[in-house]
Structures are given as C-alpha cells and as structure tokens.
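Presented below is the structure to which this report refers.
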Number of protein chains: 2
Amino acid sequence: MSTKKLRRYTKQRRLVHDAIINRTDHPTAKEIFNELKPSGIGIATVYRQLAAMVEDGILATVDYDSETRYDPLTSPHAHIVCSVCNRISDIELPRDVNDLAPENLGFEVNEIELTWKGICNNCQ
Amino acid sequence: MSTKKLRRYTKQRRLVHDAIINRTDHPTAKEIFNELKPSGIGIATVYRQLAAMVEDGILATVDYDSETRYDPLTSPHAHIVCSVCNRISDIELPRDVNDLAPENLGFEVNEIELTWKGICNNCQ
DNA sequence: TTTGTTATTGATAACCAATATCATTAAATT
DNA sequence: AATTTAATGATATTGGTTATCAATAACAAA
Ligand SMILES: [Mn+2]
Ligand SMILES: [Mn+2]
Ligand SMILES: [Zn+2]
Ligand SMILES: [Zn+2]
C-alpha cells in the first residue's frame, strides 16, 4: 500500500500550486517560474514542486516540443495542438476510444495519448 | 512549389540510410551511432543525416522519454509503447479515427498522434 | 583526367531543459 | 523555545541536440 508522502506547506508550494491549478494552457516550468519571479522563488524549486504535484496526482504532464508541460486536468482527455501559436487545448476523449484499443498481442493498456496537430481557427 | 533538396551520396549517408531504413524498433540517433561506430562516422553526422532524411520525407520522428526516435514508416499509423522494455511498436491506425477528429472549433487537422502505453505481453 | 566549387564531414564547443549537490532556512514536532 | 529535518536557492552537472569551423570529398566544368 502507498500512503501519500508528507509535504510541508511552504510559501513556495502555495505559489506554484496557485499558479498552475486553474490553468488550461499547459504551461512549462519556465513559464511558471517567470510569472513567480517577483516572489524570489528559485527555478529549481519550481521544478521540484511541479514534480511533487505530479507525484501526488494533482498534475499530469504533457510532452511537447522537447519540453515538459503541466496540466491540472488529470482525468483522461485528448489534446489539439496548434503548430502556429503552439497552444495546447484540451478536448474530450472519444467515448469509443477503447473500441480502438489494440485487442491483439495481449498488450495491457494503461494510458492513451491522443493528440491532433494542426492549425487552430485563430491562426488560419 | 518545393523541389527536393540536392543531396550528395556520401559514404556516411548510405551508412545511416541502410542502418535505419528497414528498422521497426524506432531507434535513437545514439543507437544508430553506436552501431555505425566501427565505420568511424561522427555523431554529428548521424544527427545531420537523420534530420536530412526527415526533411526529405524518408523518415518520421517519434518523441519518447525525452529522446527523438526515427521511424522509416512514414504513412499514418499508431504506436504501442511498453513502459517496461520501452519497446515502441507500430500498430494500424483505426480506420474510423477521422470520425473522432475535433469537428468543432474549425481546427484544421494535419496530423494525428495516437499512442497506447502499457505493458507488452513479453513483459507481463 | 585535372581543376574548381561547395556540400559534407568530424571534432568539439555551445545550447538548453532538467536534475544533483549542498550549505542555509524554515516548517513541523516535541 | 529547542530540536529535527524537509525544503529552499544558488549553482554545478547531466544528457540530448545543435552550431561552429577547418579539412575533406562529391560533383560539375573544363
Ligand atoms: Mn490537457
Ligand atoms: Mn512507427
Ligand atoms: Zn494557433
Ligand atoms: Zn515490454
């Protein structure tokens, strides 16, 4: 059994938490850091707190363009990514996506990653 | 109109081409380099030739675990990734995957990325 | 063939996201 | 208040990848 790791409620933890928890734009650690810079927080702490939140199941990660982005929406969902403005948006995962799962090979599916890449209506 | 960039047929180009063209295991640049090491090829050249082949449409890229992997299968297809042995395998893209496209928002889809993560039968 | 042009090469410096190190600080407990 | 120790911030280090550049070799022209 796994019990949730104890965390101290530091000023920095609250800062990072509040900066990411309501976001829908999947920011990078650097972006969060830049926004919290005036507080005097260190970049390493931003990375550490984001990693801790992922470990605690509060955040999910999305890899894009060789950078890890953070997502407070942890339930299964798909993404659309605009190649012009690089905006990553959430979109509902098709309900019948499990019908598409690889039924063969005895592959045990844990996670589905579905992303549409293209151009958003703003950038067309 | 875009005409294909001229390439010189160097010994190194042939080496990299032959090392990747029939592979189904999505190797990294480092892996290709290690296999071609006895030829005396430089690591930068391996990266350059792989990038050139991507530019020419001969290879596709697959990002996994903070590394770029190269794929001679350039037609649209999905992947299954084993989190134990890290093996990336090709799988057919569901025929009706376009029915799942985001019809809303006027998003112009260029590319679909679909990956199942889990445990392959070998590793269970 | 020989010559000239220039894309390509290999060594390596530089880049950049991310992690490791470590002395100091400050939560949490006693 | 004293004690314990997780967390912090500065910064060194790591690892994948790209940039730089003098030397080389593919290709075209003569
Ligand atoms: Mn999301
Ligand atoms: Mn593939
Ligand atoms: Zn856009
Ligand atoms: Zn496996």
Side-chain angles (χ1 to χ4, degrees), chain A residues 2-21 23 25-56 58-71 81 86 88, chain B residues 2-21 23 25-56 58-71 81 86 88:
Chain A
S2 68
T3 178
K4 183 174 278 192
K5 180 181 255 186
L6 206 93
R7 308 273 183 209
R8 291 185 176 174
Y9 285 89
T10 61
K11 174 189 171 193
Q12 292 84 356
R13 178 159 189 77
R14 278 185 291 274
L15 281 169
V16 174
H17 178 278
D18 293 352
I20 184 80
I21 200 64
R23 299 282 283 266
D25 61 340
H26 308 79
T28 64
K30 275 235 164 64
E31 286 170 349
I32 297 293
F33 171 67
N34 284 331
E35 293 164 18
L36 297 180
K37 221 171 212 167
S39 74
I41 197 172
I43 180 88
T45 298
V46 173
Y47 276 105
R48 276 187 297 241
Q49 286 297 346
L50 289 171
M53 290 175 76
V54 170
E55 199 180 313
D56 293 345
I58 299 167
L59 296 181
T61 57
V62 178
D63 290 338
Y64 176 62
D65 207 25
S66 302
E67 278 190 86
T68 299
R69 293 169 173 278
Y70 296 88
D71 189 347
V81 180
N86 286 327
I88 303 176
Chain B
S2 67
T3 179
K4 183 174 279 190
K5 181 181 252 186
L6 206 94
R7 305 273 183 210
R8 292 185 175 175
Y9 284 89
T10 61
K11 173 189 172 193
Q12 292 82 356
R13 179 159 187 78
R14 278 185 291 273
L15 280 169
V16 173
H17 178 276
D18 293 352
I20 184 83
I21 199 64
R23 300 279 286 265
D25 60 340
H26 309 79
T28 64
K30 276 233 164 63
E31 285 169 349
I32 297 292
F33 170 67
N34 284 329
E35 294 164 18
L36 298 180
K37 222 173 212 167
S39 73
I41 198 173
I43 180 89
T45 299
V46 172
Y47 276 104
R48 277 187 296 240
Q49 286 297 344
L50 289 171
M53 291 176 75
V54 171
E55 199 179 314
D56 293 345
I58 300 168
L59 295 181
T61 57
V62 178
D63 290 338
Y64 176 61
D65 206 24
S66 302
E67 278 190 86
T68 300
R69 293 169 174 277
Y70 296 87
D71 191 346
V81 179
N86 286 327
I88 303 175

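Whole-Å rounding puts the Leu50(B) CG to dT18(D) C1' distance at 14 Å. Across the protein-nucleic acid pair, Tyr70(A) atom OH and dA18(C) atom C1' stand 8 Å apart, rounded to whole Å. Atom CZ of Arg13(B) and atom P of dG10(C) are 14 Å apart (whole Å). Atom CZ of Arg7(B) is separated from atom P of dT6(C) by 18 Å (rounded to the nearest Å). Computed from coordinates, the Leu36(B) CG to dT9(C) C1' distance equals 14 Å when rounded to whole Å. Between Phe33(B) atom CZ and dT9(C) atom P there is a gap of 14 Å when expressed in whole angstrom units. Rounded to whole Å, the distance from CG on Asp65(A) to P on dT17(D) is 13 Å. In this structure, NZ of Lys30(B) is placed 7 Å from P of dT17(D), rounded to the nearest angstrom.
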Anything under 3.5 Å between a protein N or O and an N or O of nucleotides 1-3 of chain C, put it in a table, one pair a line.
none

Can you give me the N/O atom pairs linking the protein to nucleotides 23-27 of chain C at distances under 3.5 Å, or say none if there are none?
unit_1	atom_1	unit_2	atom_2	d
dA27(C)	N3	Arg8(A)	NH1	3.3

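In this structure, Ile41(A) and Val16(A) have side chains that are in contact, with non-hydrogen atoms separated by less than 4.5 Å. Within the 4.5 Å cutoff, the side chain of Thr45(B) has heavy atoms near those of the Arg48(B) side chain. No side-chain heavy atom of Asp65(A) sits under 4.5 Å from any side-chain heavy atom of Glu67(A). No side-chain heavy atom of Leu50(A) sits less than 4.5 Å from a side-chain heavy atom of Thr61(A).
With values rounded to the nearest 0.5 angstrom, Phe33(A) atom CZ is found 12.0 Å from Leu15(A) atom CG. Ile20(B) CD1 to Ile32(B) CD1: the interatomic distance, rounded to the nearest 0.5 Å, is 4.0 Å.
Residues Ile88(A) and His26(A) share a closest heavy-atom pair of O-ND1, 3.0 Å. Tyr47(A) and Ala29(A) get closest at one heavy-atom pair: CE2-CB, 3.5 Å. Contact record, Asp25(A) with Arg69(A): O-NH1, 4.5 Å, taken as the closest heavy-atom pair. Minimum interatomic distance between Lys11(B) and Ser39(B) (heavy atoms only, all atoms of both residues): NZ-O, 3.9 Å. The minimum heavy-atom distance between Tyr9(A) and Arg14(A), with the atom names listed, is O-NH1, 3.1 Å.
Using a 4.0 Å cut-off, some side-chain N or O of Thr45(A) falls inside it from OP1 or OP2 of dG9(D).
Salt-bridge annotation for Arg23(A) and Glu31(A): absent, with no side-chain N of the basic residue lying under 4.0 Å from a carboxylate O of the acidic one.
Of the candidates dT8(D), dT18(D), dT19(C), the closest approach to any side-chain atom of Tyr47(A) belongs to dT19(C). Distances were taken from every side-chain heavy atom of Arg48(B) (C-beta onward) to each of dG10(C), dT19(C), dT21(C); the shortest belongs to dG10(C).
Comparing the start and finish of the helix from dT1(C)-dA30(D) to dT30(C)-dA1(D), five pairs each, the helix axis swings through 30°, to the nearest 10 degrees.
Along DNA chain D, the nucleotide nearest to Ala44(B) and the one nearest to Leu6(B) differ in position, and the one closer to the 5' end is contacted by Ala44(B). Comparing Ser66(B) and Ile41(B) by the nucleotide of DNA chain C whose heavy atom lies nearest to each, the residue mapping closer to the 5' end is Ile41(B). Each of Ser39(B) and Glu67(A) has a nearest nucleotide on DNA chain C; the 5'-most of these lies closest to Ser39(B).
Note on Thr28(B): nothing from the nucleic acid sits closer than 4.0 angstrom, heavy atoms only.
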